[in-house]
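Below is one structure, written out as structure tokens, with a few remarks after it.
The figures that follow rest on heavy atoms only: side chains count, while hydrogens, waters and symmetry mates do not.
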Amino acid sequence: MPDMEDSSDLYDSYESEAPAWADHQAQHLEDLDTVECLRRKIKYYFMNPCEKYHARGRKPWKLILQLVKIAIITIQLVSFGLSNQMVVAFKEENLMTFKHLFLKDYVDGGMDTYAVYRQTDVYDHIEYILKQYGHLHNITVGNHEYEKNGGVYTPLSVCQDFYRNGTIYPGNDTFEIDAHVETECFNVYPMYDPSLREVLPGFELHFKRMLSVKLTFVLKAINLQTVRHRELPDCYDFTVIITFNNRAHSGRIKIDLENDVDINECRDWKVSGASAKSAILTVLFDCLIIVTCIVSFTLCTRSVINGTRLQFEYTHYCMKYCNKEVPWSDKLEFVNGWYILIIVSDTMTIIGSILKIDIQTKVLTSYDVCSIFLGTGTMLVWIGVIRYMGFFRKYNILILTLRAAFPNVIRFICCAGIIYLSYCLCGWIVLGPYHEKFRTLNTVSECLFSLINGDDMYPTFKNMKQKSNLVWIFSRVYLYTFVSLFIYMILSLFITIITDTYDTIKQQQQSGTPTSELQKFLSVCKDLPNSGVYRLDENNGCFLQCWISRCREHQERLTSEA
């Protein structure tokens, strides 16, 4: 009897613990299904458009949209580039025209040596500018005109900058100078045959104290060459500044002509013999590009948001089931850099297209700003084409190598950049007075970068002036050590970093072994894109479908065992 009671109690306890065991088993199945569902969602997120089509039957609209966008943006860029080229050519040709009109005895390409050395030459050049300015209507072959303020012409301004007081006696090695700079200006209105002594009777140059003399005037012109391209012409304001530079007081006064350009909308215009249909079609084409970029921006933003959500889900899984944190390298895998690139490209293209429409309708004339936005946007779009090349296993080696080598390359460039900057500073301060390629930090950097690439090496050595034997010897040591260090050591190490990364990526592709925790997590899922399992994942129904199927299988197994 005790044995029977004990067995009865054991049976009763088993019956009482059965529901708890069933709940535990159901919870375990639920956890397995949740993890399996997460694997498939992440694996689907990293599929290419063709694999996603086989997995869920969705058309690759995003891929088609990107290909169409590349074509229409390129057409837009070419169209705007031809128009912008006419604007740049008009500016450059007018600058050359002003040099020939207002600089006495000017020869093309002679601005570096264009200077005067005698006092009478300075007065003659100023008087020549005034006469050419007064005879502008009779000498120019362009459509240049004086600027008007109301009904009065804007005058030409002659300004002289000089030290307030100064007594200089080089023969006695004595001087007294007041460093305060004063400016004396005179206005000259357009006259048919002006003379310097007549228009400026009190004008006198203080050569020993003079710093500079500036002649400033504004001329207007209209760019008519755009009419034959069915575009409305722009009106230009050219602010011409002619500077006599005597800051060095070396006996050589350098003369320079600068040209500031303002592009404005013409106030009153009438174009006959041309239809505005092409201009309207161009504006409509730009609007189509804006709409296309907005759709692309929306789709890519949605993909970035989905990737961020999956990253949070994966992080939660690792913390809950594995009790470990996800490394940043795995977190960044969910941030698709190509989508970020396309979002930036779409933003810049939209802004550039809006500016282009404003330029076409003559609301704005910001050609340079528009070209920067459109050019950068188109560049990023074409760089994004590499992403689609990466869908093929044999072509994605470049992308994988660049991505893997990027951190090491950045660290290497930081270290090499410090050495490069030290050579730039040393070359500028020591060789600057004796070599024109080392006069400024900008030219020093350009010269040294050319030496790294093996360009312009012999002229750099040859053009060193041998006025100081000590500096000449230093220049040889400086150049030889720089070339040896950067070409034979630093550049070789840089290439080695890229080569080692390439070999590592190639070996990983051949072995096929996962290299990160995320890849190991995804490698468990063996479901192929065309298996049909991914269609259950739509509308977040993966867990429900999987849990119901698992419960049915479990019930059938228990029934068969009973």
Side-chain angles (χ1 to χ4, degrees), residues 68-98 140-145 218-240 258-294 296 344-385:
V68 172
K69 190 180 70 174
I70 289 172
I72 60 178
I73 286 180
T74 304
I75 295 174
Q76 179 196 44
L77 183 73
V78 172
S79 174
F80 180 77
L82 295 175
S83 177
N84 191 32
Q85 188 175 5
M86 291 187 293
V87 174
V88 174
F90 189 72
K91 293 179 182 178
E92 293 179 350
E93 291 177 3
N94 274 275
L95 178 61
M96 186 61 63
T97 298
F98 296 147
T140 180
V141 296
N143 56 8
H144 300 99
E145 182 59 79
V218 180
L219 298 179
K220 303 178 74 68
I222 299 176
N223 186 5
L224 297 177
Q225 62 179 333
T226 58
V227 176
R228 56 191 174 93
H229 293 277
R230 302 295 189 269
E231 295 182 16
L232 294 177
D234 292 319
C235 292
Y236 289 72
D237 291 345
F238 295 99
T239 302
V240 183
E258 297 177 348
N259 184 25
D260 293 335
V261 184
D262 290 329
I263 305 176
N264 304 309
E265 180 185 1
C266 295
R267 299 178 181 176
D268 189 15
W269 53 268
K270 181 180 180 181
V271 180
S272 59
S275 175
K277 183 178 180 180
S278 60
I280 297 175
L281 292 177
T282 303
V283 173
L284 291 177
F285 183 72
D286 294 332
C287 293
L288 173 63
I289 292 177
I290 293 175
V291 173
T292 304
C293 290
I294 290 175
S296 173
V344 175
S345 171
D346 290 336
T347 304
M348 302 194 75
T349 304
I350 291 172
I351 297 174
S353 299
I354 294 174
L355 293 175
K356 184 174 182 292
I357 293 175
D358 292 338
I359 291 174
Q360 293 286 339
T361 56
K362 300 307 173 186
V363 177
L364 296 175
T365 55
S366 305
Y367 283 90
D368 293 337
V369 179
C370 181
S371 61
I372 290 174
F373 278 103
L374 289 182
T376 307
T378 306
M379 179 187 69
L380 296 179
V381 165
W382 276 99
I383 292 176
V385 177

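Side-chain contact check for Phe285 versus Leu281: every heavy-atom pair is 4.5 Å or farther apart. Looking at heavy atoms from C-beta onward, Lys356 lies in side-chain contact with Gln76 at the 4.5 angstrom threshold. Here the side chains of Ile73 and Thr349 are in contact, with some heavy-atom distance below 4.5 Å. In this structure, Cys235 and Lys220 have side chains that are not in contact, with every pair of non-hydrogen atoms separated by 4.5 Å or more. Side-chain contact check for Met348 versus Leu374: every heavy-atom pair is 4.5 Å or farther apart. Side-chain atoms of Val369 and Leu355, non-hydrogen and from C-beta on, do get closer than 4.5 Å to each other. Side-chain contact between Val218 and Val240: absent, with no pair of heavy atoms (C-beta onward) separated by less than 4.5 Å.
Going from atom OH of Tyr236 over to atom CG of Asp262 covers 11.5 Å, rounded to the nearest 0.5 Å. For the atom pair CZ of Phe238 and CD1 of Ile263, the computed distance is 8.0 Å after rounding to the nearest 0.5 Å. Between atom CD1 of residue Ile372 and atom CD1 of residue Ile351 there is a gap of 12.0 Å, rounded to the nearest 0.5 Å. The CG atom of Asn84 lies 8.0 Å from the CD1 atom of Ile359; values are rounded to the nearest 0.5 Å. A distance of 10.0 Å separates CH2 in Trp382 from OG1 in Thr378, rounded to the nearest 0.5 Å. For the atom pair Ser353 OG and Asp358 CG, the distance stands at 11.0 Å (nearest 0.5 Å).
Under a 3.5 Å cut-off, the side chain of Ser296 and the backbone N or O of Thr292 do not form any donor-acceptor pair. With Thr97 contributing its side chain and Glu93 its backbone, the two residues share a donor-acceptor pair below 3.5 Å. Judged by distance alone, the side chain of Ser371 and the main-chain N or O of Asp368 form a donor-acceptor pair under 3.5 Å. One N or O on the side chain of Asn143 and one on the backbone of Ile222 form a donor-acceptor pair closer than 3.5 Å. Side chain of Ser345 to main chain of Gly377: a donor-acceptor pair is present (N/O by atom type, distance under 3.5 Å, no hydrogens or angles).
Scanning for salt bridge (Lys or Arg N to Asp or Glu O under 4.0 Å) contacts around Asp260 gives an empty result, with sequence neighbours left out. The salt bridge (Lys or Arg N to Asp or Glu O under 4.0 Å) check on Lys91 picks up nothing, with sequence neighbours excluded.
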Could you check Ile354 against Ile290 for side-chain contact (heavy atoms from CB on, under 4.5 Å), going step by step and ending with a plain yes or no? CA-CA 8 Å; Ile354 294 174; Ile290 293 175; 3.8 Å; yes
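Screening Leu77, Ile72, Ile70 for a side chain to side chain contact (heavy atoms under 4.5 Å, CB included) involving Thr74 leaves a single residue, Ile70.
Nearest heavy-atom pair across Asn223 and Met86 is ND2-O, 4.0 Å.
Note: Tyr367 and Phe80 have parallel aromatic rings, judged against thresholds of 30 and 60 degrees for the angle between ring planes.
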